[in-house]
Amino acid sequence: MARRRQVYEGKAKILFEGPEPGTLVQYFKDDATAFNAQKKGTITGKGVLNNRISEYLMTRLSEIGVPNHFIRRLNMREQLIREVEIIPLEVVVRNVAAGSLSKRLGIEEGTRLPRSIIEFYYKNDQLGDPMVSEEHITCFGWASTQDIDDIVALTLRVNDFLSGLFLGVGITLVDFKLEFGRLWENEDMRIVLADEISPDNCRLWDAKTGEKMDKDRFRRDLGQVEEAYQEVARRLGILPEAGVRDLKGPETVQ
Ligand code: TMP
């Protein structure tokens with residue numbers, strides 16, 4: 001297949017110029033990194049699974065009126081998205097204590113939080129994505145107060161909806177990270193959900209056993225990483241029909 005012009009390469013994805021102005025092709029790699037790329041590896045089939053899982057979740061979110069950049073899946077590893085101006089923030093939502101929150105504040109992993117918490121991190125690899133407050137965000141012009149209000153409102157809706165959706169398939173949505181972008185339509189700007197939603201940027205625990213079904217299996221060397229991602233897709237009812245064989249199949253076949 002003729003390669004399009006590459007616009008950006010991240011740790012887990014590549015963006016190519018799309019077929020029409022204002023669109024991009026988002027390609028999902030099998031590469032995995034953790035701890036700001038200090039740990040690197042490959043999770044076979046991850047790109048295929050994340051492409052599917054993100055397609056599914058973004059589509060469900062569109063249906064409840066959460067605007068996002070997803071247009072359609074093109075093939076096993078690529079999806080067509082709207083080009084947006086990414087807001088340089090990682091928006092983390094937590095329902096249960098885990099990861100950096102547990103470490104920083106000494107709260108035992110697995111403790112259900114009295115209410116959901118939203119945290120902002122400045123998206124900057126050189127600085128290791130430091131946590132920032134709304135004061136920093138407005139002071140340095142990364143987003144306006146109105147933008148932050150829109151981001152928080154969308155994030156809470158995403159959290160409510162995804163928590164219910166995952167619980168319905170026996171999974172606790174512990175925490176996750178979202179990214180947002182500005183979409184310009186003539187003179188009007190609106191904030192839409194961007195990036196991906198997948199086991200790479202969510203903590204997903206089996207509701208009964210507490211077993212981890214997300215990237216923490218890679219971060220913490222727990223093994224069975226591919227299997228965990230596959231299980232998430234299976235429970236959502238979207239595992240590629242041919243099963244595992246399909247994951248290594250031709251990249252451009254639908
Ligand atoms: P944390 O506990 O390490 O701060 O992570 C919180 C959530 O955000 C967790 O679901 C993983 C996700 N996350 C990312 O998607 N990218 C990142 O760079 C980090 C640090 C976390």
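Quick note: numbers below take in every heavy atom, side chains included, and nothing from hydrogens, waters or symmetry partners. Along the sequence shown, residues carry numbers from 1. Read the numbers this way: they start at 1 and go in the same order the structure lists the ligands and their atoms.
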Salt bridge flag under 4.0 Å for residues D129 and K123: no
- prompt: Among protein heavy atoms, which sits nearest to atom 7 (C) of ligand 1, and what does the distance come to when rounded to 0.1 Å?
  reply: D175 OD1, 3.6 Å
task: Inspect the contact between K13 and E78 and indicate whether a charged nitrogen and a carboxylate oxygen are less than 4.0 angstrom apart.
output: no
query: With under 30° as parallel and over 60° as perpendicular, where do the rings of F140 and H136 fit, or are they tilted in between?
result: parallel
query: Between K29 and E9, is there a side-chain N and carboxylate O pair less than 4.0 Å apart?
result: yes
task: Can you sort out which atoms of ligand 1 are near V92, meaning under 4.0 Å from one of its heavy atoms?
output: 6 (C), 8 (O)
query: If you measure from the Lys or Arg side-chain nitrogens to the Asp or Glu carboxylate oxygens, is any gap between R77 and D30 under 4.0 Å?
result: yes
statement: closest protein heavy atom to atom 8 (O) of ligand 1 is K177 CB, 3.6 Å
query: Can a protein heavy atom be found under 4.0 Å away from atom 11 (C) of ligand 1?
result: yes
query: Tell me, which protein residue and heavy-atom name are nearest atom 1 (P) of ligand 1, and how many Å apart are they?
result: S100 OG, 3.4 Å
task: Show the numbers, then the answer: is there a side-chain hydrogen bond (donor to acceptor under 3.5 Å, both in side chains) between N51 and E55?
output: CA-CA 6 Å; N51 188 21; E55 169 196 21; over 6 Å; no
- request: Show which atoms of ligand 1 fall inside a sub-4.0 Å distance from at least one heavy-atom site of E90.
  value: 16 (N), 17 (C), 18 (O)
- prompt: Heavy atom of R94 under 4.0 Å from ligand 1?
  reply: yes
query: Should the pair E185-R190 be classified as a salt bridge under the 4.0 Å nitrogen-to-oxygen rule?
result: yes
message: Show the atoms of ligand 1 that are less than 4.0 angstrom away from any heavy atom in G99.
response: 2 (O)
- line: Quick note on ligand 1: atoms under 4.0 Å from a heavy atom of F176 include exactly 10 (O)
Geometric N/O contact R219 with ligand 1, under 3.5 angstrom: no
- line: Per-atom filter on ligand 1: closer than 4.0 angstrom to a heavy atom of N201 are 10 (O), 12 (C), 15 (O)
message: I need the nearest protein heavy-atom contact for atom 3 (O) of ligand 1: residue, atom name and distance, please.
response: R203 NH2, 3.8 Å
Note: D216-K212 ion pair, threshold 4.0 Å (strictly below): no
